[in-house]
> 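I'd like to ask you about the structure that follows.
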Number of protein chains: 2
Amino acid sequence: MDLRITGGFAPPGHNHRRCIVDAMDRAAQVCAARGARLTPQRRRVLELIWSSHKPVGAYGLIEQLSESGQQVAPPTVYRALDFLLANGLVHRIERLNAFVGCPEVEQDHAPQFLICGDCGDVAELREQSVEAAIAAGARSAGFVGWRASVEVVGVCPECAGGISP
Amino acid sequence: MDLRITGGFAPPGHNHRRCIVDAMDRAAQVCAARGARLTPQRRRVLELIWSSHKPVGAYGLIEQLSESGQQVAPPTVYRALDFLLANGLVHRIERLNAFVGCPEVEQDHAPQFLICGDCGDVAELREQSVEAAIAAGARSAGFVGWRASVEVVGVCPECAGGISP
DNA sequence: TCCAATACGTTATAGTATAACAAATAGTGT
DNA sequence: ACACTATTTGTTATACTATAACGTATTGGA
């Protein structure tokens, strides 16, 4: 059993090592199932992305890799990111030009992201009602074949608690 | 009376000159009302943004300005954009790093954008149900003080009609 | 084992955005 | 009209994000 963080923020004192381990397990499973090659390079990038619940940019990854002795150029990490995105293992936060791990890799989805403007943590939400409302709006405008990205910037419970407990 | 395009895409043969004129009128009104200075520079940038319903990037604006004889450096146009954004005269499309004119400048709002992946046109939607659904999701996650951006990529009625009429 | 596909390395460059400081201009009160 | 102050604009340099183009290596299968 794994403790996936979907539907809200990771609790303050949660065992994040579990997040990482579970994420890597799921990634291995999914890739094996579909014959996608989770190479050491890609695995390493995924691990770095999962090192926190904060989105990380491509050049942040390059720096982290460099610090751990692996000198890579931008195309290398962008290619790893392309693979991870294509396989639904990470999501891209458009407004941040950054990437977060996906806690629900089994099926393709377009979640809502809650981005804490204070601590930077991101939570992934899947509100059916949001998708339904967007679908209704799109249909009324005659829009077809669409895919939506929803990014919500605010303050997470933890940070809000700190301000007015 | 003006024909604001909110709630859907601009119809194929619409009189776009009216879009521009109306947008500039509204901008002048709003700025006058709140004592914001719509300088020639800012006015020019707003006109260029309204020259179509397609988002335009900062460097696209610089190029257009340069073509019309005005040589400006990036900070100039970014400052104009900051002003226009702050006063709700334009919106930023995060996933495109580009800007579109806002057809509803009177009050602050966070609309949904329908982006045609074919022709590039963008429509601004304000579905109350979308905002409500996001609000519900955010509340359930303990998220506070938020603001959402919704960007939907698909095919507009016009382009879809061309494919299967 | 050889072939073809896939992944990775490398260099250069395109595209987006801002920092920092100087100069000019507009609005305010006298 | 005058000086004062705030705002706007100009200028240079630079940071950050992303991809093109080409070559090499590795992998998996016929």
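To find a chain, count down the sequence lines: A is the first, B the second, and so on, and within it residues start at 1.
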> Will you find, in the side chains of Glu124(A) and His53(A), an N or O donor that is under 3.5 Å from an N or O acceptor?
no

> Taking all non-hydrogen atoms of both residues into account, name the closest pair between Cys116(A) and Cys159(A) and its distance.
SG-SG, 3.8 Å

> Judged by modelled atom types alone, do Gln41(A) and Gln70(A) share a side-chain donor-acceptor pair under 3.5 Å?
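A donor-acceptor contact under 3.5 Å links the two side chains.
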
> Any N/O pairs under 3.5 Å between the protein and nucleotides 19-30 of chain D? List them or say none.
none

> Under 4.0 Å between a Lys/Arg side-chain N and an Asp/Glu carboxylate O for Arg18(A) and Asp25(A)?
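Salt bridge flag = no for Asp25(A) with Arg18(A).
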
> Within less than 4.0 Å of OP1 or OP2 of dT16(C), is there a side-chain N or O belonging to Arg92(B)?
no

> If the cut-off is 4.0 Å, is Gln41(B) near the phosphate of dG10(D), judged by side-chain N/O to OP1 or OP2?
yes

> Categorize Thr76(A) for me: base, sugar-phosphate, or nothing, with a 4.0 angstrom heavy-atom threshold over every strand shown.
base

> Same hydrophobic cluster for Phe83(A) and Val105(A), using side-chain heavy-atom links shorter than 4.5 Å among ILVMFWY?
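Phe83(A) and Val105(A): one cluster.
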
> Looking at Arg92(B) and Glu94(B), is there a salt bridge between them, counting it only when a charged N and a carboxylate O are closer than 4.0 Å?
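Result for this pair is yes, salt bridge flagged.
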
> Would you indicate whether the side-chain heavy atoms of Val150(A) and Ile134(A) approach each other to under 4.5 Å?
yes

> Is the phosphate of dA17(C), meaning OP1 or OP2, less than 4.0 Å from a side-chain N or O of Asn97(B)?
yes

> Ring centres of His91(B) and Phe99(B) under 6.0 Å apart?
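Not close enough - the centres of the two rings lie 6.0 Å or further apart.
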
> Looking at residues 42-52 of chain B, who's got a heavy atom less than 4.0 Å off DNA chain C?
none

